[in-house]
Every structure is written in C-alpha cells, then in structure tokens.
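One structure below.
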Amino acid sequence: MSVTTPTEAPRAVPGRRGPARPGRGPGSRWTSTGTVHALLLLAALYSVLPLVWLFNSSTKSMADFSTTGAFELADWNLWTNLGDLFAEEDGVFLAWVRNSLLYAGLGALLGALICTACGYAIAKLDFPGRRALFAATLTGVLVPTTALALPLYLLASQLRIVDTFWAVFIPLLTNPFGVYLARAFAESAVPDEVLEAARMDGAGELRTFLTVGLPMMRSGAVTIVLFQFVGIWNNFFLPLVMLTDPRLFPMTLGIYQWSSRVSQFPQYNPLVITGSLLAVVPLVLAFVLLQRQWRTGLAAGSVR
Amino acid sequence: MTVLAPTPGTQAGGRTAPGAASPAPRRRRRRGLAGLALAAPFALLLIGTVLVPIGYAFYLSLFTERLSGLGFDGPRQVFVALENYWRVVSDGAFLASLGNVALYALVHIPLMLGGALLLALLLDSATVRLRQMWSLAVFLPYAVPGVIAGLIWAYLYSPNIGPLSAVLPFDPLGRSGVLSSIVNMATWQWMGYNMIIFYTALRAVPREVLEAAQTDGAGPIRQALSIKIPMIRSSAFVALVFTVIGSLQLFTEPVVLRTFTGAVTSTYTPSLYVYEAVFISNDYGRGAAASLLLAIASALLSALVMRLSARRSR
C-alpha cells in the first residue's frame, strides 16, 4: 500500500554495496546510457516540438504564417498579435481569460476543500452512509464526464439555468476522483494516534480536521487543487453544451469558436494561435514551478 | 461551513478516561455527525450533478416527441418505453461511431501505454541528473488543453501550413488517415502523464530485489520483464481503466479536426452522436438513451478491467 523509501533499501543487503547500481548493470550495448538518452531525447522532442511550433507561430504576422516554414523564424510580431487578440470583438478575450481563471481558480480551491473534507471523513470518521457514499463516488469516477454532460444539460434546461455561470461552475466542483485521492492521502498521511491525541485535548471533530488533519494532508490537497485546476481549465464539453453567451465562455471554448471560422476567414488564424499560446503558458509554468508538489502527490495517489 | 466548538463535555470525557471505556456512545455519535457534516457538501454535489441527472436522463429516454394529429397542436411527449434505446442500437451511424472508437482504442491504448511504460523503464535507468528534465519535457503535453492540442496538431497536419502532410506517407486529414491523426493527438497528450505514474511506481520497487536479481545474472531487460513490470501491475491497470474510459468518450480531438477536414462526420464517435442527437436533431429521447448507453458501457468496461486486475494481482 505505502511507498517504500529507496533510502532504506541498502541496509537489507549487508556487506554488498558495490558500485553496481541496480537497473544499470555493466550492460549490453542495447541499454547503454547513450541509447537510453537518445530514445528519451526523441520522446522529449516529440512532446515539445508542437509547443515550440505554437510559440514560433504566434510570433509571426499573418503573411509570414502562411509563407514561411513551420519551424522557420520570421519577423517578430508577437506584440502586434497580442494587441489584436485583446482588441478583437471589444476585448472578449479578456473576458474569457477572466472566466477561465474564475471557473478554474475558484472551482479548484473550493472543489479541493470539499473533496479533502469528504475523503478525510470517509477515511477517518464513522458516519451513517459512509460505505454507500464511497461506492457512489467510485461510480462517479467510472462514469465519464462526456456521458454526464448531456443529462446535466437536460436537467439544467429543465431548471432554466442553462447559459449561466452556475450551470458550468457547480458541476465542475464535483470531483469524485479527488475524493478517491483524498481518502488515500488521509489514510496514509494522518495517523489515528494523532487524531486521538487531538480528541484527548478536547478538540471537536471539525476543529481536529481543520487544524490537524488538513495540514497533514497538505501535499495531497495541493495535488488535488492543481489537477482540478487543470481539469477545469481544459474542460471543453460542459461549457460547449451549457453556454451560448460568448461573454461567459472560458478560453478553450472561445478559441474553439474562433477556430471554426478560420477556413472561411483566415484572419482568425493569428488570433487562434496567439490565444492558444496564452491558454497553455500558465499551466506549463504551474507544472514547472510546482514540480515537487505534483510529483509526490501523484506518487501517493497512484502507487496503491 | 459550521465549526463545532469543543464543549466542556467532550473535554472532560477525554481527560478522565484514557482507558478502553473512553469513547462513550455520545461521543461516537458526535463523531458520526462530524463525518456527515464533512462529507455532506460533496455528497450533495454528487447527488445533484451525477445521480439526479442520470435519473432524469433515464426518465427522458423513455419518451419521445411526436406530432399529434395534423401537427397543429405542436409536438407531444409520448411514452415509448425502450424504443429510443432500440432506435440507437439499430442506428447505422451509432454502430459506425462505436466501430471508430473501437479501432481508435485498439491502436491508441497499446501504443500510448506501451510507450509510457517503455519511457518509464528508460527513465528508471537514466542518469539521475537528467531524469527530471526528460520527464518534465514528456509530461508537458498533459498541461495543454485538449482543444488547444487539437488545434496545434490540426495546423501541423494542414497541407499549406504544417510540415506533416508533406512528410507522412498518408494524408493526415484524409478519410483513411484521420483516425491515425486522432490517435497521435491523444497519444501525444497522455503518454507523459502515464509515464510519470509508471515511473513513480517503478521507484517503489524494492532495490534489494533488483540487486538480488543482478547477482543472479539478470540483465536490465530481464529485470524489467520479470521484476519491474510485474511489480507495477496495479498502477498499470488503473492507468488502463482511465484510458478505456477516455477512449469511449473521445470527443474533443474529432470535433476540432472537423473544422479542418470533411473526413470527420457529425456522428464520428458516440459522444459526437449524442451531441448531434440533442443539439442538431433536437431529439432529446434518443440523445438521453445514447448518453446512458455510453455511461453504462464505460462503467461496465471499467468494472471488467478492475475485476481482471484484482484477479491477476492475487
């Protein structure tokens, strides 16, 4: 269940701490360091080159975009493109940025808090309906969001809340996988003895959660926030189904709507490309900066 | 959010009896109430955004709109029992969409998960200093929204803009090549994510086992095949479940490609079929039925994969 720390491994084999690191023997040619790195380099290029293309293309003018090669440099035009992007349709793009930040930022924080509380309760507290709730959560994990989006739309249209902020925001708060992760985090990171000690000191259950449980689950909670942020930021189907007012669109939906016009109006190309760059950059930065957090978080959640 | 203040009662109860008899029934009940309070927000969300919509969709799937009489009264809701389900499963377009997704999954799943596994094994044997850089680079596509990933690749496939249509032996936007193009988009996006999951699992393989194998003369490939891969099987099955679910709901990539090529029809995948039924044909009954079939198929398939994994790892 738990992750064994590699540091305690050498103790198990007394007297043998030769230079041979496991997994990297004297080795045949096939697995030599050179081949390994060549293959990894290839994979890295496959992963990164399309992003390089995106950046490079967003620095080109529309004329250069169609006449210069895909990875060829042209005159630096990024600032003009950005200016055009934010000026288009009375600055609707800025509204999309704001909406994305609102849906994803608020949704991730609030959603993660809700998930963490529920996961902690399922793992650490006995309450009526606990098993049923966990079973329902697992079902929620297994039923795909796309299959749910239309039932949600049909219900929302019955309730006449289609084309509102809430029609998108409330369903996005529901993150069954987050609860599943939070339960795993609570089980591995919050020892019962500590909770018992807090109770001995007279802390109520909810205070124990906020002051003892939640801080101990911090790295797990941060992981849930991050992945929920990405999930909402990247979500496309639910807003597509729920929204018709462009002022409520998140970036993904807005850029998609522009992209559906490029075959008739090529002047949308720079808007789509520069907009795409802006939709990608924050997440890439977040993942680079928060590496340590999500790596340990993923580890705790996946190695079970 | 209400925070229950600790009452003197609990304090006294906790202090006086540290022994076996301490959790009085009243305290246990309070713990139960706190559990309910902490779980309630999510439980309500789950009911409101998953269970009730599914129930409502089921209700809708049993009805259809028919024009009554000469049509002057407008459409009327008519109870048709399971007729909508029958209309969906006997619809050639729906069957074709299932075929497309099956073919997609057959190529994408082994390619993406196999690639992720291979990369994780390579990473496990790479120089420590470079590990972080390689894994981050391969992981980055996960941070790209599906729509944007779709657009980037659509441009790269486009004949006059991207380099790919000139290099590839087939037309990436043509009728025969478009499925491979979709497979590539999804593989690009998910390989790094799964690689990290596999790699993290690999790090947890006890080093002494590998050292013992090495002493017995097992080379790196032998070690990978007989020790490492079997030991990360549970992670692999979890990844498989999510990839299967993801494959069934394939939507974004084909939708984005639709604006660049006529090779993707409006009912190319089951999700697109559902979308078409509700938003283009305004046939809510058929859309709800197809939606539920999709949800049931996903749940069944994932349950099947889970069952297989439980049996294997025993």
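In what follows, chains carry the letters A, B, and so on, assigned in the order in which the sequence lines appear, proteins first and then strands, with residues in each chain numbered from 1. Note: hydrogens, waters and symmetry copies are ignored here, and every other heavy atom, side chains too, is used.
Taking the six-membered ring where tryptophan is involved, the planes of Phe279(B) and Tyr153(A) are tilted, since the angle between them lies from 30° to 60°. Between Phe237(A) and Tyr275(B), the ring planes are tilted. Angles from 30° to 60° get that label. Taking the six-membered ring where tryptophan is involved, the planes of Phe242(B) and Phe177(A) are perpendicular, since the angle between them exceeds 60° and thus also 30°. The aromatic rings of Phe251(B) and Phe236(A) lie tilted to each other, with the angle between the two planes from 30° to 60°.
Between chain A and the residues Leu294(B), Asn160(B), Leu121(B), Val138(B), the most heavy-atom pairs under 4.5 angstrom are made by Val138(B). Per-residue heavy-atom pair counts under 4.5 Å with chain B were compared for Phe71(A), Phe209(A), Tyr120(A), and the maximum is reached by Phe209(A). Annotation: maximal heavy-atom pairing with chain B below 4.5 Å, among Leu283(A), Leu154(A), Val280(A), Leu253(A), occurs at Leu154(A). Taking chain B as the reference chain and counting heavy-atom pairs below 4.5 Å, the highest number among Leu173(A), Leu133(A), Val241(A) is found for Val241(A). With chain B as the partner, the residue from Val284(A), Val230(A), Val281(A), Val143(A) showing the most heavy-atom pairs under 4.5 Å is Val284(A). The greatest number of non-hydrogen atom pairs below 4.5 Å with chain A, out of Ala303(B), Pro270(B), Ser135(B), is found for Ser135(B). For chain B, the option among Gly69(A), Ala117(A), Ala121(A), Ala136(A) with the highest count of heavy-atom pairs below 4.5 Å is Ala117(A). Note: Leu136(B) leads Leu136(B), Leu250(B), Val256(B) in heavy-atom pairs under 4.5 Å with chain A.
A donor atom on one side chain and an acceptor atom on the other are found under 3.5 Å apart for Thr174(A) and Thr49(B). Using modelled atom types and a 3.5 Å distance limit, the side chains of Tyr46(A) and Asn184(B) yield a donor-acceptor pair.
With a threshold of 4.5 angstrom between heavy atoms, Pro282(A) does not approach chain B through any atom at all. For Phe260(B), the part lying near chain A is the side chain, with the backbone staying farther off; criterion is any non-hydrogen pair under 4.5 Å. The contact between Val179(A) and chain B is made entirely by side chain atoms (from C-beta outward), counting heavy-atom distances below 4.5 Å. Both the backbone and the side chain of Thr187(B) come within less than 4.5 Å of a heavy atom in chain A. Proximity to chain B involves both the backbone and the side chain of Thr137(A), based on heavy atoms less than 4.5 angstrom apart. Contact annotation for Met195(B): neither backbone nor side-chain heavy atoms come within less than 4.5 Å of a heavy atom of chain A. When heavy atoms are compared at a cutoff of 4.5 Å, Val255(B) approaches chain A by way of both its backbone and its side chain. Of the two parts of Val278(B), only the side chain, counted from C-beta on, holds a non-hydrogen atom closer than 4.5 Å to a non-hydrogen atom of chain A. For a residue to count as touching a neighbouring chain, one of its non-hydrogen atoms must lie under 4.5 Å from one of that chain's; by this rule Leu60(B) touches chain A with the side chain only. Contact annotation for Thr145(A): both backbone and side-chain heavy atoms come within less than 4.5 Å of a heavy atom of chain B. Using a 4.5 Å cut-off between heavy atoms, Ile122(A) makes no contact with chain B at all. Looking at Leu54(A), the atoms closer than 4.5 Å to chain B (heavy atoms on both sides) all sit in the side chain, from C-beta outward. Both the backbone and the side chain of Asn269(A) come within contact range of chain B, each with at least one heavy atom under 4.5 Å from a heavy atom of that chain. Thr252(A) touches chain B through backbone and side chain together, each having a heavy atom under 4.5 Å away. Interface remark: Val272(A) contributes side-chain atoms only to the contact with chain B (heavy atom separation under 4.5 Å). Interface residue Val262(A): only side-chain heavy atoms are found under 4.5 Å from chain B.
In this structure, Trp233(A) and Pro145(B) have side chains that are in contact, with non-hydrogen atoms separated by less than 4.5 Å. Side chains of Tyr256(A) and Thr252(B) form no contact here, defined as non-hydrogen atoms less than 4.5 Å apart. Counting only heavy atoms from C-beta outward, the side chains of Pro176(A) and Phe42(B) approach each other to under 4.5 Å. Looking at heavy atoms from C-beta onward, Trp153(B) lies out of side-chain contact with Trp53(A) at the 4.5 angstrom threshold. You'll find the side chain of Leu156(B) reaches within 4.5 Å of the side chain of Pro50(A), heavy atoms only.
Ala34(B) and Leu206(A) make their closest contact through O-CD2, 3.9 Å (heavy atoms, listed as atom of the first residue, atom of the second, distance). Residue Ile148(B) comes nearest to Ser276(A) through the heavy atom pair CG2-CB, 3.5 Å, listed as atom of the first residue, atom of the second, then distance. Between Ser47(A) and Trp188(B) the shortest heavy-atom distance is O-NE1, 3.1 Å. Contact between Ser259(A) and Thr259(B) at its shortest, heavy atoms only, is O-OG1, 4.1 Å. Phe287(A) approaches Ala143(B) most closely through the heavy-atom pair CD1-CB, 3.5 Å. Nearest heavy-atom pair across Ser291(B) and Leu150(A) is OG-CB, 3.7 Å.
At most 12 heavy atoms of other shown residues, nucleotides or ligands fall within 6.0 angstrom of atom OH in Tyr59(B).
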Could you go through Ile273(A) and Ile152(B), starting from their C-alpha distance and side-chain angles, then the distance that decides it, and tell me whether this counts as side-chain contact (heavy atoms from CB on, under 4.5 Å)? CA-CA 8 Å; Ile273(A) 287 167; Ile152(B) 294 175; over 6 Å; no

Derivation of the side-chain contact (heavy atoms from CB on, under 4.5 Å) call for Val241(B) and Leu142(A): CA-CA 8 Å; Val241(B) 170; Leu142(A) 298 182; 4.0 Å; yes

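With sequence neighbours excluded, the residues forming a side chain to side chain contact (heavy atoms under 4.5 Å, CB included) with Ala137(B) are Ala44(A), Val48(A), listed by chain and number. Applying the side chain to side chain contact (heavy atoms under 4.5 Å, CB included) test to Ile54(B) and every residue at least two apart in sequence or in another chain returns Leu148(A), Val50(B), Leu292(B).
Phe227(A) CZ to Tyr193(B) OH: the interatomic distance, rounded to the nearest 0.5 Å, is 5.5 Å. Rounded to the nearest 0.5 angstrom, Ile196(B) CD1 and Gln291(A) CD are separated by 8.5 Å. Note that CG of Leu39(A) and CG of Leu119(B) are 8.0 Å apart. Values are rounded to the nearest 0.5 Å. To the nearest 0.5 angstrom, Leu38(B) atom CG is 11.5 Å from Ile114(A) atom CD1.
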